[in-house]
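Below: the structure, in structure tokens.
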Amino acid sequence: MTADAPPVVVVDESQDSAPPPSGVRVWLSRHPLAAYAIRRVGLYFVELWGALTIAFFFFRLIPGDPIQTLIQTLQQNYMYNQQASTELIARYQQEFGLTGNLFSQYLKYMEKLVLHGDLGPSLINYPTPAQDVILRALPWTIGLLGISAVLAWIFGVILGAIAGWRRGKLGSAIATNLSIALSHVPYFFVALILVYIFAYSLGVLPARSAYDSNITPGLSLEFIGSVLKYGLLPGLSIVIIGTFSWILSTRMLMVPVLGEDYLVYAEAKGLKGWRILTRYALRNCYLPQITAFGISLGFIFNGNVLVEQLFNYPGLGTTLVTAIQQLDFNTILGVTNIAIFSVLTAVLLLDLLLPLLDPRVKYWK
Amino acid sequence: SSGGSYSDKPANSNKPVATKSIQIGKANIPVPRDQSVIVGQVEYTVFDSFNGMIPNGSPGGAGVELATEPLFFLSFATGKLTPWLATEYKYNDDHSELTIKFDPKAHWNDGKPLGANDFKFTVMALKDRADLFGGGGDLKEFVKTVEVTDPQTAVVKFLKPTPRFHYNFIAAIAGAPNNIMPEHIWKSQDLTKYKDNPPVRSGPYKLKQAIRNQKMFVWEKDPNYWNKDKLDVKPQYVIFQSTSKQLDQASLAFERAEFDVGSIDAQHATQLANTGYPNLVTTQFHDPNPRVMWLNCDPARGVMAEEKMHWAINYCLDREKIGTSVWDVKVPPAIYPWADYPTNDKWKDDELAGKYKFEFSLDKATQLLDEIAPKNAAGKRTYKGKEINLEIITPAQVDKAEYAIANVLKADLAKVGVPATLRSLSGSVHDEKFQRGEYDIDSSWAGFAIDPEQLYTDWESGKAQPIGKNAAGKNKMRFKDPAFDAISQKLSGMDPDSEEAKPLLKQALEIYFQKLPLLPVIQTGYPQFFNTAFWKDWPTDDNLYEVPLNWWPHFILVLGKIQATGQKGPA
Amino acid sequence: MTMRILTAVVRTIRNSRRLAAGLIILGVMVLLALFSPLIVNAIGNGKDPIEVAAYEKWLVPGPGHLLGTDQFGRDVFAMVMKALSVSLQIGAIAGIISTVVGVIVAFVAGYKGGWIDGILSTFTGILLVIPTFPLLIALSAYAKNVTLFQVGVMISIFAWPFAAKTIRSQVLSLRTRPYVDLARVSKARDLEIIVTELLPNLLPFIGVGFASSALGAIFGLVGLEVIGLGPGGVVDLGQIIYNAITTGALTLGAWPMFVVPIVLLTLLFAALNMVNIGLEEVYNPRLRGVAGE
Amino acid sequence: MNNVSESVLEINGLEVVYSTNRGDVKAVRGIDLDVRRGEILGIAGESGSGKSTLAVALLRLLKAPGKVTGGSVVFNPAGRSPVDLLKVHGEELRVLRWSSLSYLPQGSMSSLNPVMRVQDQFKDVILEHAPDRRNSLHEMIPRLLAQVGLEPRVAKMYPHELSGGMKQRVLMAIAVALEPDLVIADEPTTALDVTIQRVILQSLADLRTDFGVTLMVISHDMGVHAQLADRVAVMYEGELVEVGDVRQVFKDPRDPYTRQLIESIPKLGRRAS
Amino acid sequence: MKSELELRGVQQRFHARGVADGYITAVDDVSFSLAASPPQIISLVGQSGSGKSTIARNVLGLQKPTAGSVLYGGKDIFKLSRAEYDEYRRDVQPVFQDPYAIFNPFYRVDRVLWKAVQKFKLASTRAAGLELIEESLRAVRLEPENVLGRYPHQLSGGQRQRIMLARVHMLRPSFIIADEPVSMLDAQVRRHFLDILLDFQTEHGMTTLFITHDLSTVYYLGGEVMVITKGQIVERGPVSTVMHEPSHPYTKLLLDSIPQPDPDQRWTTRIAVDELERVDDANPADTMKPEAPIL
Ligand SMILES: Nc1ncnc2c1ncn2[C@@H]1O[C@H](COP(=O)(O)OP(=O)(O)OP(=O)(O)O)[C@@H](O)[C@H]1O
Ligand SMILES: Nc1ncnc2c1ncn2[C@@H]1O[C@H](COP(=O)(O)OP(=O)(O)OP(=O)(O)O)[C@@H](O)[C@H]1O
Ligand SMILES: [Mg+2]
Ligand SMILES: [Mg+2]
């Protein structure tokens with residue numbers, strides 16, 4: 001703060017320098033929903049591009065030549081006598097788009113990604129393209145993560161609403177305190193405990209892989225049953241912790257809502273209790289939870305990596321860890337990009353959907 | 001004061017442990033349990049490709065080894081070289097030509113004959129392809145032409161004489177450096193793109209199924225196997241499956257006989273044995289790679305370039321303690337940079353070993369250190385005015401033995417005033433540092449060799465790169481010694497078993513003892529665990545059958561000797 | 001000023017039993033961590049009980065070794081003590097870094113507004129959708145010579161956006177408060193307003209940001225450890241769990257290696273979460289009694 | 001209007017206490033008050049005198065830490081037997097609500113459920129208490145809205161699309177939807193602009209004329225009472241200091257506090273000295 | 001040094017999505033001037049959302065108008081030199097509407113007064129400062145010992161609002177910009193406050209721009225009044241004239257809508273319930289849902 005600094009006059013950013021209203025602007029202001037959608041989709045692309053770019057440079061700037069080191073790892077592990085020549089390294093660097101300066105690598109990568117949906121060859125399964133490796137794992141992850149996440153959300157929102165509604169009751173207090181204690185516990189702690197109880201001690205549920213290998217995958221009842229059985233433990237570990245955190249946040253949304261005038265009013269109207277809960281209280285707090293759900297997908301993905309790894313589940317998490325252990329840029333980046341894409345797209349869809357569900361959403365800020 | 005260890009807890013009581021009955025679990029496999037051997041293995045990532053010439057083009061340790069046969073098997077346990085696809089090899093007198101004869105019975109598992117033409121195709125296809133695994137290298141360095149004189153005879157003409165060219169076709173440990181490929185399959189394929197699925201090989205097993213989501217490979221006995229007279233493998237199926245990374249689960253699976261080979265560790269095995277588990281066979285097996293400390297010899301690393309420093313570090317290595325307390329099982333110390341197999345005894349030299357005696361002595365270490373790196377006023381050891389601080393790296397994870405070994409060394413170095421940092425680096429990062437010479441001490445394993453010159457040739461000064469430049473697998477410790485170079489040069493064209501090689505080998509070994517570019521630490525005992533619930537007659541300490549004795553190519557020889565017990569799997 | 005903050009803190013704690021409980025658990029853990037060198041020394045009785053091969057391997061818990069020894073003959077109790085302090089350190093390092101960065105970004109964005117806010121907020125938003133765990137794993141797998149501090153820095157790279165986001169929205173709501181206007185007409189400068197008017201009122205949110213970043217960091221490190229990618233040379237609670245998993249400690253009967261660190265971490269997570277929620281309850285009157293009553 | 005002597009509500013010795021950590025606050029201290037059928041009764045008093053507490057206690061909406069500690073409130077709905085409002089519970093209370101006793105809350109800004117259309121908030125209460133009117137809903141809602149001067153399209157709107165005055169009128173329409181015996185209006189005009197305030201007062205007067213409901217109007221604004229009420233009750237620190245005809249209270253206040261209250265009103269046309 | 005505060009064609013627009021042209025005009029071509037001498041009270045009266053607070057913010061230099069200028073001593077307040085700026089700040093001081101939000105809850109209430117002492121160099125020593133503060137507190141009929149050292153939540157609304165007056169008393173600005181200072185106060189406290197303000201005018205020669213929506217307050221204060229609706233000033237004149245002979249229909253409507261506290265003067269006419277309350281008039285702030293905490 002120099003003594004001679006000019007006087008501080010804060011100029012509000014929202015003021016208008018009053019350009020003459022153009023036709024487009026007028027149209028947009030007449031159609032706020034359309035304007036909102038256009039803006040939102042625009043923002044989506046900006047964010048998508050930004051996130052993909054940051055991820056790309058992040059991985060390229062990490063020290064280490066993936067090809068060289070992979071080859072040496074392979075030598076060390078299995079092929080004591082095989083020799084890696086500089087030609088070999090050069091060839092695969094070319095193949096994996098690691099030649100040229102960083103910026104041209106980036107342009108090439110983005111071009112292939114955007115125009116052809118091509119993530120480049122995978123290293124963990126050369127020469128299979130990374131997108132094939134990822135797409136193979138994706139259904140398992142969507143099945144495990146998606147279903148568990150949705151279940152956790154449904155259970156959590158319902159139980160949280162009830163816990164908020166029945167504030168002061170013992171059950172509610174227990175649920176709330178448990179949630180506070182456990183909502184931030186890593187999924188895999190629960191997974192470990194579940195495995196120990198159900199797989200080791202009782203031996204009733206499998207703790208590895210995704211289905212019984214005696215069954216040929218297909219649309220048979222047997223196969224689906226097996227998938228469910230094998231997915232139970234990993235799924236449960238995500239559902240349990242997830243439910244706790246949704247209980248907590250729903251309750252946090254619910255309590256202020258319970259103090260709202262319209263709830264007192266609804267009570268004065270002589271409506272039945274469950275009706276007030278569902279039509280008045282819950283409806284006002286599940287909507288923000290929908291947005292939160294979209295955002296949370298990303299976090300679940302984080303925890304999911306470890307759960308899949310623990311259960312040797314053939315999903316993206318396991319693929320990711322394998323890829324990282326082998327420095328497979330294309331696959332790691334691909335998985336990261338898929339996660340970015342799904343979170344952003346989910347949030348976009350929810351944001352576009354929300355004005356239809358929630359009349360209050362102010363879609364102009 | 002303590003109540004003993006977890007694994008020997010039941011044995012503490014004086015009562016002999018009753019044999020307990022085992023609960024057989026339902027193995028997660030798609031074939032009859034009683035006809036299958038199940039091998040617990042590493043993590044697989046590749047399931048649809050068996051082309052080993054490209055990176056990750058073929059899964060390692062997944063059973064391809066049972067289908068892929070070498071020209072010769074070498075058993076470390078007996079020192080015996082067994083001709084397999086080939087019947088014999090012969091060099092001419094000046095080692096400029098090698099003749100290989102193939103077994104006329106040999107054929108590929110698709111029925112096509114196997115012989116000299118495939119050999120020629122393989123050598124010529126790979127020779128100039130340095131961009132492929134197994135390409136370039138010795139093939140390029142030595143081979144001028146390959147002549148096929150008849151379908152069973154190939155003659156390799158060399159560019160320069162060598163007595164070791166056939167090493168490339170011997171399976172001694174992980175498989176031969178070069179396996180021959182069926183010409184009729186590969187001649188029209190792009191070697192970098194073809195996935196070789198299903199793999200056309202010659203071994204007693206053929207791939208039945210690879211199940212990605214189960215991380216499993218199912219190999220089925222080939223009824224048309226060419227060498228049935230010599231080798232009749234007993235199991236109808238061999239299953240290779242990734243073991244759980246949690247040993248709890250892995251050992252439970254073993255206990256329930258869901259695996260026949262592997263999947264358990266020494267500690268759990270001891271526990272099982274002590275609790276009366278009846279079906280466990282433990283067989284000691286030494287990896288041909290002793291654990292070693294690589295010492296960086298580059299002058300840029302300061303004090304590390306000093307011979308005396310190498311000896312000081314050597315005196316700080318408590319091999320006894322490491323062999324007893326760190327390694328999973330009790331193992332002997334290592335002095336020579338090779339494994340203590342009977343076959344290798346001929347390379348030993350007790351006189352030299354006595355002269356340069358390896359012992360754990362912090363006093364001697366201190367004495368040496370005081371000469372080269374005296375302590376400064378602050379009590380810190382300095383070399384050329386700079387305080388010393390060593391950087392120890394290891395590719396092993398922190399819970400693995402190599403890390404623990406380095407940790408023991410680090411603690412003892414600290415006692416003689418040499419501070420060190422120890423880092424476990426993930427495979428790829430480690431390799432980069434190691435190859436570039438950005439380390440002082442590396443705790444890992446030695447290379448493997450059939451004769452010492454195979455090691456020595458990599459230690460030649462010419463192969464030492466400056467720090468920061470990738471050594472590409474050679475002379476990673478930047479060792480430089482002109483006398484040694486000269487000896488190695490001479491040895492390279494010489495039959496190592498010949499009389500004239502003997503004095504040279506001795507001289508080379510003496511330079512090794514003087515300069516210690518690497519410090520062997522311990523022999524590496526890997527107990528192998530076999531389950532006798534479904535199969536019996538596994539290799540034992542008294543009769544190893546073959547070394548290596550599991551999953552490597554030699555495993556087919558084990559599979560030919562075991563017997564079914566008649567146990568049926570659960571429904 | 002410090003006195004004021006202290007009284008504010010005391011006032012806050014009095015208002016929430018949950019916050020108090022969280023702080024007490026944390027406090028006990030911090031104390032244990034502070035005294036861990038002494039405890040470790042006492043256990044070692046002259047030698048380092050955490051050194052490889054210090055004792056026999058896999059000893060069962062007993063008077064000599066309260067929690068037994070591990071696969072390298074290290075005293076598990078001593079390891080747990082040391083590891084607790086490492087885990088807390090990581091939480092503190094990452095918590096501080098990400099809170100500081102988050103606060104700065106939030107204040108610049110929230111107070112300055114306009115295009116600066118636009119850019120910073122979009123950037124923060126972008127960082128928020130990048131799944132941090134793969135990046136963290138990648139970073140720790142490749143980065144050379146990672147120390148505890150560096151891991152803390154790495155984790156905070158991904159943690160600050162959360163802090164920034166919550167604090168920014170608070171700044172936005174605070175900067176239009178009449179007392180900010182009053183400060184302006186009393187000739188206060190921007191920086192002065194930020195520091196003296198806004199910052200103190202944001203302390204609880206900064207506290208929340210710190211607690212959640214610390215939580216995230218410890219969580220992240222444990223995550224790295226359980227797949228074996230933690231920093232070398234230090235033992236934290238996650239690494240003990242990882243050891244237990246990979247060595248099959250449970251079937252061996254070595255439950256302390258498994259149970260003790262998990263219980264400690266769960267307690268730690270619960271305590272941080274209690275602080276988090278306690279602060280929100282106290283300072284967000286709408287949430288008062290969310291968990292209580 | 002025709003049966004003024006009959007009481008809709010007879011309040012006897014009502015006491016309400018808020019227990020706080022600084023001791024109990026007696027918000028309502030033994031109030032006796034009759035509300036006559038068809039009248040507009042104004043409750044006046046300064047901020048904090050216990051007006052809202054009284055209303056909330058009558059409506060049985062009192063929340064902890066508030067507690068009724070004494071008295072009785074006899075409610076005489078037309079066509080039903082008298083009940084003590086303080087003693088009914090559960091289903092009995094729920095049935096009584098709205099069809100006999102309705103409420104016009106102060107917080108018009110936040111009393112409507114923000115995620116429901118106006119018509120659904122009508123339907124809600126009508127179907128709950130008079131399910132037989134399901135078929136007449138489509139004509140009922142526009143009629144009720146018209147009653148308070150709102151267009152039919154308002155039914156399809158969400159609360160946030162309405163201005164404060166419109167919301168207040170929607171609440172009024174909902175309040176009389178089931179033709180209750182008594183409507184308790186807590187500060188129906190505060191927080192509204194003067195012009196809109198006047199419209200609301202007009203509509204309130206209309207309600208009585210058109211529906212014959214009995215109104216209990218709470219306001220701290222003496223002007224409101226002067227314009228609207230038939231009788232005025234003045235509260236001071238939880239006690240009723242004066243009840244009387246509106247003219248009598250304004251022209252000839254008996255209680256010193258009432259006098260003070262009326263004198264302190266800044267009136268246009270009278271400059272303070 | 002006696003100066004004049006003048007608004008010349010001030011216009012203030014805000015971006016607002018969802019309205020006709022994409023922005024709303026909160027203040028539309030407003031010009032008026034306030035003279036420091038003779039000291040006077042000028043009331044600005046209008047309904048909610050008519051632009052009153054925006055004008056206050058423009059005058060106080062907290063918001064730069066989109067068009068037109070605010071002049072102090074003939075110079076644009078957004079282009080003052082350092083010395084001129086200091087003088088302007090000293091001479092134009094506010095009293096804000098909300099006695100609750102004006103205090104930073106983190107500090108004791110006296111900080112507001114000490115800041116004024118410091119920033120405007122009212123006293124050279126702490127003792128002198130304290131004396132000044134106590135004097136001002138007494139001037140607004142507060143007992144210093146009841147106020148000093150307290151936190152805002154420990155004082156009543158009336159007390160807090162009077163502390164703001166004490167601040168003004170200390171600073172002795174030529175102009176007080178009071179934005180609805182009494183709207184949140186009880187009738188009796190309100191009267192108290194207004195009396196002090198009138199004292200200031202007579203004793204310290206301060207000119208007040210008094211913003212309110214309450215006509216009875218305007219009447220009580222006297223002086224001049226300006227009526228504003230939809231951002232435009234539609235009428236200005238002495239209070240008695242405007243109140244008794246309003247010339248603008250809006251002023252008439254406003255006057256007509258005040259409920260007379262006399263049961264004998266009930267309204268006899270009805271005013272039309274037109275759609276003057278349109279959707280756009282609804283304050284967006286009311287419809288905003290509270291930001292949900294996302295954990
Ligand atoms: N929840 C509560 N806890 C404690 N005291 C309360 C509570 N609600 C109200 N009170 C006290 O009860 C008394 C009466 O309050 P009430 O709200 O009924 O007054 P009111 O006449 O409606 O005032 P206003 O005109 O401000 O609405 C006040 O002294 C108030 O402080
Ligand atoms: N920062 C802003 N951004 C956008 N619109 C604004 C802003 N400030 C005020 N407005 C709008 O400008 C108009 C005038 O607002 P202003 O606060 O000046 O009215 P007011 O007369 O003071 O009302 P009240 O009596 O409610 O205080 C309103 O429609 C308001 O919504
Ligand atoms: Mg009230
Ligand atoms: Mg205003």
Side-chain angles (χ1 to χ4, degrees), chain A residues 1 5 7-8 10 12-14 43 46-47 50-51 54-55 58-59 62-64 164 167-168 173 176-177 179-186 188-189 192-193 196 200 248 251-252 254-256 259 295 298-299 301-303 305-306 309-310 320-321 324-325 327 332 335-336 339-340 343-344 347, chain C residues 18 112-115 117 122-123 125-139 141-144 184 187-193 212 215 219-220 222-223 226-227 229 241 245 250-251 258 262 265-267 269-270 272-274 276-277 280 284 286-293:
Chain A
M1 296 256 99
V8 184
V10 174
D12 197 307
E13 92 280 358
S14 57
L43 183 68
V46 170
E47 284 181 341
I54 290 176
F58 179 88
F59 283 107
I62 289 173
R167 214 156 25 139
T176 310
N177 284 311
S179 306
I180 288 177
L182 297 181
S183 60
H184 276 86
V185 169
F188 55 86
F189 281 17
L192 281 173
I193 291 163
Y196 186 70
Y200 299 176
L248 199 60
R251 218 202 123 128
M252 285 221 161
M254 189 76 179
V255 168
I295 297 166
F299 306 112
F301 182 85
N302 286 349
V305 171
L306 298 176
Q309 171 81 359
L310 196 74
L320 179 69
V321 174
I324 281 169
Q325 278 160 354
L327 217 63
I332 306 170
V335 174
T336 311
I340 291 171
V343 173
L344 275 177
V347 174
Chain C
R18 182 153 287 123
K112 276 285 165 198
W115 60 270
D117 185 23
T122 312
F123 183 67
I126 288 173
L127 279 189
L128 277 174
V129 300
I130 299 180
T132 55
F133 204 61
L135 271 62
L136 255 185
I137 300 177
L139 206 54
Y142 313 149
K144 299 178 180 182
R184 281 194 200 137
K187 299 205 289 186
R189 302 297 161 102
D190 282 1
L191 192 63
E192 189 183 345
I193 291 177
S212 38
L215 206 131
F219 188 107
V222 169
V226 297
I227 51 172
L229 288 173
I241 298 172
I245 297 173
L250 271 179
T251 41
F258 189 79
I262 285 195
L265 275 174
T266 305
L267 258 181
F269 286 129
L272 281 170
N273 206 21
M274 281 196 246
N276 229 328
I277 289 171
E280 291 214 18
N284 188 350
R286 288 171 63 89
L287 288 181
R288 230 165 250 177
V290 160
E293 287 175 51

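Lettering follows sequence order; numbering is per chain, from 1.
- Scored by the side-chain contact (heavy atoms from CB on, under 4.5 Å) test, A/Ile193 finds A/Ile197 as partners (sequence neighbours excluded).
- Taking each heavy atom of C/Asn273 and A/Ser179 in turn, the nearest pair found is ND2-O, 4.2 Å.
- By number of non-hydrogen pairs under 4.5 angstrom with chain C, the leading residue of A/Gly164, A/Ala51, A/Ala55 is A/Ala51.
- Residue contact with chain C, scored on non-hydrogen atoms closer than 4.5 Å, involves the backbone and the side chain of A/Ile340 alike.
- In this structure, chain C has heavy atoms under 4.5 Å from both the backbone and the side chain of A/Val46.
- Taking CD1 of A/Ile54 as the start and CD1 of C/Ile130 as the end, the distance is 4.5 Å to the nearest 0.5 Å.
- Residues satisfying the side-chain contact (heavy atoms from CB on, under 4.5 Å) criterion with C/Ile262, sequence neighbours excluded, are A/Phe189, A/Leu192, C/Ile241, C/Phe258, C/Thr266.
- Contact record, C/Phe219 with A/Pro186: CE1-CA, 3.4 Å, taken as the closest heavy-atom pair.
- In terms of heavy-atom proximity, A/Ala339 sits nearest to C/Pro131 at CB-CG, 3.5 Å.
- At a 4.5 Å heavy-atom cutoff, the contact between C/Leu127 and chain A is made by side-chain atoms alone.
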